[in-house]
Visitor: 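Handing you a structure now.
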Amino acid sequence: MCSAWRQATVRFVGGGAGAGGGGAVSSAAAGKMADVSLKEAALIVGVVAACYWNSLFCGFVFDDVSAILDNKDLHPSTPLKNLFQNDFWGTPMSEERSHKSYRPLTVLTFRLNYLFSELNAVSYHFLNLVFHVVVCVVFLKVCKVFLDNKSSMVASLLFAVHPIHTEAVTGVVGRAELLSSIFFLAAFLSYTKSKGPDNTIVWTPIAVTVFLVAVATLCKEQGITVVGICCVYEVFIAQGYTLPVLLDTAVQILRGKGSIPFSMLQTLLKLIVLMFSTLLLVVVRVQVIQSQLPVFTRFDNPAAVSPSPARQLTFNYLLPVNAWLLLNPSELCCDWTMGTIPLVESLLDVRNVATLTFFCFLGSLLVFSLRYPGDSSKTVLMALCLMVLPFIPASNLFFPVGFVVAERVLYVPSMGFCILVAHGWKKLSNKSVLRKISWVCLAAVLFTHALKTLHRNWDWESEYTLFMSALKVNKNNAKLWNNVGHALENEKNFERALQFFIQATQVQPDDIGAHMNVGRTYKNLNKTKEAEESYMIAKSLMPQIIPGKKYAARVAPNHLNVYINLANLIRANESRLEEADQLYRQAISMRPDFKQAYISRGELLLKMNKPLKAKEAYLKALELDRTNADLWYNLAIVYIELKDPTEALKNFNRALELNPTHKLALFNSALLMQESGEARLRPEAKQRLLHYVKEEPQDANGYFNLGMLAMDDKKDTEAEAWMKKAISLQPNFRSALFNLALLYSQTAKELMALPILEDLLRYYPDHTKGLILKGDILMNQKKDIVGAKMCFEKILELDPNNVQGKHNLCVVYFEERDLIKAEKCLIETLALAPHEEYIQRHLNIVRSKIASLSTTEQSSFPPGGTAAAGGKKKSFQNLKEVKNEQKTTQTTIDNNKGHSKNGKVTEKNSMDKEIPRRSTQEIKDIEKKRVAALKRLEEIERILNGE
C-alpha cells in the first residue's frame with residue numbers, strides 16, 4: 001500500500017498534464033497558456049463597448065449619492081490620510097454608524113475622477129467601463145490556465161456580457177468589485193508562477209501574490225479570498241493531488257507506515273506562508289474596524305435577527321437564489337432587502353426543495369472534482385472555488401451583512417459560473433451531433449445577455465428609473481417605495497412622493513424610516529399636524545428608554561433622527577421649546593455618542609437664550625469629533641452670543657483650518673474682523689470676503705461687505721463698484737442701496753444719490769434714514785423745499801418722536817419763512833431732546849428773528865436764506881454713519897430625511913438688520929464737520945444780531 005501511494009505521488013508531481021491525465025501544471029506551461037492575443041483583446045473591448053456604451057449617459061444613483069456626492073474624502077481639500085481613516089462612505093471607522101467597509105484605494109480612484117472632472121458622472125462611468133474591460137482580459141488569461149483557447153474565449157465573452165454585472169459596472173460604487181477583481185486575478189496569475197523546475201519554490205511570485213492580495217483587499221474585502229483559491233490550486237492543480245490520495249497519505253502517516261515526502265513539505269511551506277499572510281491581513285483588518293461589526297437593522301437583513309431555524313433555513317435558501325440569478329438574470333433588482341425574500345420559517349416550506357437541490361448538485365460537482373484525476377475535474381474544481389470562496393464574505397454564514405442579496409457581489413463568483421458553462425459547452429461541441437446546436441445556443445445566450453445588459457443599463461439613468469424598474473420585480477420591499485418617493489421629493493413633487501411613502505408604510509408598517517419620510521413630506525406640504533402625527537408613530541416604534549440600558553447595538557443611528565426631526569418641527573412653536581429639548585435629551589440618552597443631537601440641542605439652547613448650556617452641548621460634540629469644521633463654527637456663534645469676539649474669532653479660524661472653504665466661517669469671521677474696527681484686521685477680512693464671493697458668486701452680501709471695507713479704507717471708487725455689484729444681484733438690497741446713496745452724498749455726488757434713494761424708498765417706503773437723506777439732498781442741493789417737507793412729514797407719520805426728522809421739518813418751516821410755526825416746532829423738538837444744545841441755539845435764532853421782524857416789516861432773511869440748514873448740519877451728520885449688512889447665522893442639522901447622513905450647517909439671513917458702526921477716522925471727520933457747522937452757526941448769529 002505504501003509503495004502504491006508513492007507511485008501515485010510520483011505520477012501526480014512529475015511531468016506535464018496529459019490529455020485526460022492527472023499531471024500537475026508547471027509554471028512554464030501556465031505562463032504559456034496565459035497568453036492573450038491582440039485580436040482576442042480587441043474583440044473583448046468591442047463587445048464590452050457595445051454592451052455598456054449607454055452607461056456613459058447615466059448619473060449618480062442609489063449608493064453613488066453617499067459614496068460620491070456626499071463623500072468629502074473626494075475633495076482635494078480633504079487630507080489624503082482621511083481616506084485611510086474613513087470607510088467607503090466617508091464616515092470615520094471609529095464611529096459606530098460606520099459601515100466598516102474599508103476600501104481606501106477605491107475611494108482614491110473616485111478622488112482622481114473628482115480631481116479631473118469633479119462631479120461629471122461621465123468620467124466615473126467611463127473609468128468603470130475601462131476597468132471592466134481590464135477584468136475581462138485578465139479573466140481570459142486565467143481561463144487559459146484551465147481551458148483551451150476557444151473555451152476560454154467563450155467564458156470571457158459570457159462574463160463580459162452577463163447582465164448580472166450591470167450593477168457593478170454601471171453603478172459607480174461597483175468599482176470596488178472591478179478594482180478588487182483586477183488585483184484578485186493578478187494575484188492568482190502571479191501564484192501560478194511560484195512552482196519552478198523539479199517542483200522547487202519560486203518565492204518572488206509568492207511575495208508579489210501577497211502584495212496583490214493586500215491591494216485587492218484594500219479595494220474590497222473579498223479580495224482576501226484569493227488566498228483560498230491559491231491554496232486549492234497549489235494542492236489539486238500544481239501538485240496534482242486528489243482527495244483519495246490525500247486521505248490515503250494521511251492514513252499512512254498516522255499509522256506510522258510512511259513519511260511526508262519532500263515535495264509535500266514544500267507544498268505545506270507555501271501554504272503556511274499564504275495562510276500566515278492571510279492571518280496578518282485579517283488581524284490588520286480587525287484593527288481597522290476596531291473589533292466592531294457594523295450596526296444593521298432587521299430591515300436591512302431580516303434573517304440575521306430571526307430565531308432558529310428560520311435564520312439557517314433562510315440563509316441556505318439564499319444560495320440557490322443567487323445561483324438562479326446567474327443562471328437566469330431576467331428579473332434584476334437593485335435592492336433585495338426588507339421583505340423582498342420572505343423568511344423560510346419552516347422545514348415544510350416548499351422553497352427548501354430548491355435549497356436541497358442546489359446542495360445536491362453542488363455536492364456532486366465537488367465530489368467529481370476532488371475524487372477523480374484529469375483536466376475536466378480540475379477545471380470544475382477551480383470553477384467551484386471561484387464561485388464559492390469569493391462569495392463567502394457575503395453569504396451571512398459567518399457574520400451578518402447589510403443586505404439579503406446584492407447582485408454586484410456576484411461579479412467574481414460569476415467567473416466560476418462562466419468557466420463551468422464554457423467547459424460544459426466544450427463537452428457538447430466536441431460531439432458531432434450536438435456541435436451545431438451548441439453553437440446556436442451559445443450565440444443565442446450571448447446575444448440575449450448582451451441585449452439584456454444594454455437594456456438594463458438604462459435603468460441606472462436616474463434614481464426614479466432605477467427604483468421604478470425594481471418595483472416591477474418586487475413590490476414587497478418598502479425601501480424601494482421609499483426610494484421612489486425620495487426621487488420624486490428631489491424633484492419637488494411632494495404630492496406624488498407622499499403617495500409612495502405612504503405605500504411604504506403599508507408594505508412595512510413597522511418601518512421607522514418610512515414614517516419619518518411621511519412626516520417630512522407633510523412638513524414640506526405645510527401640514528404640520530399630520531407631520532407631527534407621523535413622527536409620533538415613528539417614535540412609538542423605537543425601543544422604550546430604560547435607564548442604564550445601552551441601545552447602540554439595537555438602534556440604527558439614522559432611526560434616532562426621528563427625535564431630531566420631531567424636535568425641529570415642534571420648536572417652531574415658542575411654547576414647546578422645553579418639549580423639543582426633552583426630545584434631544586432622549587436621543588442622547590439612547591446614544592451618548594449621537595453627535596447630531598448635541599448640535600441640534602446647542603442651536604435650540606441658543607434660541608432659548610441659554611448660551612452657556614449651548615456651549616456645553618457643542619463642547620460635548622467636539623469631544624466626539626474634533627475634525628468637524630461645522631462644530632467649531634457653531635461654537636464661534638455661541639461665543640458671539642456670549643459677547644466674546646476674541647474666542648469667536650479663534651473658533652472661526654479653527655473651522656477654516658479644517659475646511660478652508662467653509663463659506664459661513666469665511667463670511668462671519670470677516671464680518672467680525674470688520675466690526676472690530678481694527679485696521680490691521682481689514683486686509684485679512686478682505687481676503688476672506690474675496691474667497692467667500694469666489695465660493696458664493698451669487699450672494700450679494702459678500703460684495704456688500706467688501707464695499708463696506710472699502711468705505712472704511714476711504715477707497716470710494718472701489719466701494720462704489722462693490723455696492724453696485726451687490727445691487728445688481730439683489731436689486732432690493734436695503735442696506736446696499738442706502739449705503740451707496742450715503743457714499744455719493746459723502747463724496748459730493750448728492751444728485752447721483754437721488755435715484756438710488758428713489759429705488760430704496762420704492763422697495764422700503766418706511767426707511768427713515770433714507771427719507772432723512774433724501775430730504776437733506778432735496779433741500780440743500782435741489783432747493784426743493786416742498787419735496788424735502790414731504791420726506792420729513794413722512795418720517796413723523798412713521799415715528800412722531802424722531803428728533804432728526806422733526807428738527808429738519810422745523811428748518812423747512814424756517815425756509816418757508818413761517819417763523820411762528822418754526823418756533824413752535826423747535827419747542828416741541830427741544831422737549832423730545834432737551835439736552836441737544838444745537839436745537840436750543842436754533843430756537844434762540846428763530847425767536848431773535850421774530851423779534852426783529854416785529855420791529856420792521858421790511859427786514860429780510862440773512863444772505864443765504866437756507867443758512868439755518870448750516871445749523872442743522874450736525875443733525876444730518878448723525879445720519880451719515882456706515883451701516884453694515886450682517887448675516888445673522890444660526891446652526892441647524894438637516895436630519896429631515898429618514899435615512900439621512902451627516903447634519904449640515906445652514907444659515908438664516910436677516911437682510912434688513914443694520915448694525916451702526918463708526919471707525920475712529922469717521923468720528924474725527926464728524927467732529928471736524930461739527931466744528932465747521934458751529935462756526936457757520938456763529939456767523940449766522942452775528943448776522944442776525946447785526947440786523
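Side chains are part of it too, since the values below use all heavy atoms of this structure and drop only hydrogens, waters and symmetry mates.
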Visitor: Return all side-chain donor-acceptor pairs below 3.5 angstrom for residues 359-367, not counting sequence neighbours, or 'none' if the list is empty.
Guide:
from : atom 1 : to   : atom 2 : distance (Å)
S364 : OG     : C360 : O      : 3.3
S364 : OG     : F361 : O      : 2.7

Visitor: Ring centroids only, cut at 6.0 angstrom: are F159 and F139 within range, meaning strictly under it?
Guide: yes
Visitor: Taking NZ, NE, NH1 and NH2 as the nitrogens, is one of them in K144 or E40 under 4.0 Å from a carboxylate oxygen of the other?
Guide: yes
Visitor: Any side-chain to backbone donor/acceptor pair from S151 onto D148? Under 3.5 Å, distance only.
Guide: no
Visitor: H449 vs H162 aromatic rings, parallel, tilted or perpendicular, using cut-offs 30° and 60°?
Guide: perpendicular
Visitor: Within a radius of less than 6.0 Å around CZ of F126, do more than 12 heavy atoms belonging to other residues, nucleotides or ligands occur?
Guide: no
Visitor: Do the two ring centres, one from F116 and one from Y124, sit under 6.0 Å apart?
Guide: no
Visitor: Distance alone, cut at 3.5 Å: any donor-acceptor contact between the side chains of H165 and T453?
Guide: no
Visitor: Does the plane of the ring in Y233 sit parallel, tilted or perpendicular to the ring in Y191? Use 30° and 60° as the thresholds.
Guide: perpendicular
Visitor: Compile the donor-acceptor pairs under 3.5 Å between side chains in residues 435-444 and protein atoms, sequence neighbours left out, one pair per line.
Guide:
from : atom 1 : to   : atom 2 : distance (Å)
R435 : NE     : S429 : O      : 3.0
S438 : OG     : L434 : O      : 3.2
S438 : OG     : R435 : O      : 2.5

Visitor: If you round to the nearest 0.5 Å, how far is CZ of F368 from CG of L370?
Guide: 10.5 Å
Visitor: Set out, in order, the CA-CA distance, both residues' side-chain angles and the distance that settles side chain to side chain contact (heavy atoms under 4.5 Å, CB included) for L129 and S55, then state yes or no.
Guide: CA-CA 8 Å; L129 193 152; S55 68; 4.2 Å; yes
Visitor: Less than 4.0 Å between a side-chain N and a carboxylate O, is that true for K81 and D73?
Guide: no
Visitor: Distance alone, cut at 3.5 Å: any donor-acceptor contact between the side chains of K270 and S194?
Guide: yes
Visitor: If you measure only the distance, is there a donor-acceptor pair under 3.5 Å linking the side chains of R311 and N316?
Guide: no
Visitor: Are any side-chain N or O atoms of H125 and backbone N or O atoms of T170, one a donor and one an acceptor, separated by less than 3.5 Å?
Guide: yes
Visitor: Parallel, tilted or perpendicular for F110 and F88, by the 30°/60° rule?
Guide: tilted
Visitor: Under the criterion salt bridge (charged side-chain N to carboxylate O under 4.0 Å, His left out), I'd like the reasoning laid out for K195 against E234: C-alpha separation, chi angles, the key distance, then a yes or no.
Guide: CA-CA 9 Å; K195 179 181 176 182; E234 176 65 31; over 6 Å; no
Visitor: So, the side chain of D63 versus the backbone of V173: is there a donor-acceptor pair under 3.5 Å, distance only?
Guide: no
Visitor: Is the closest side-chain donor-acceptor distance between T217 and R285 under 3.5 Å?
Guide: no
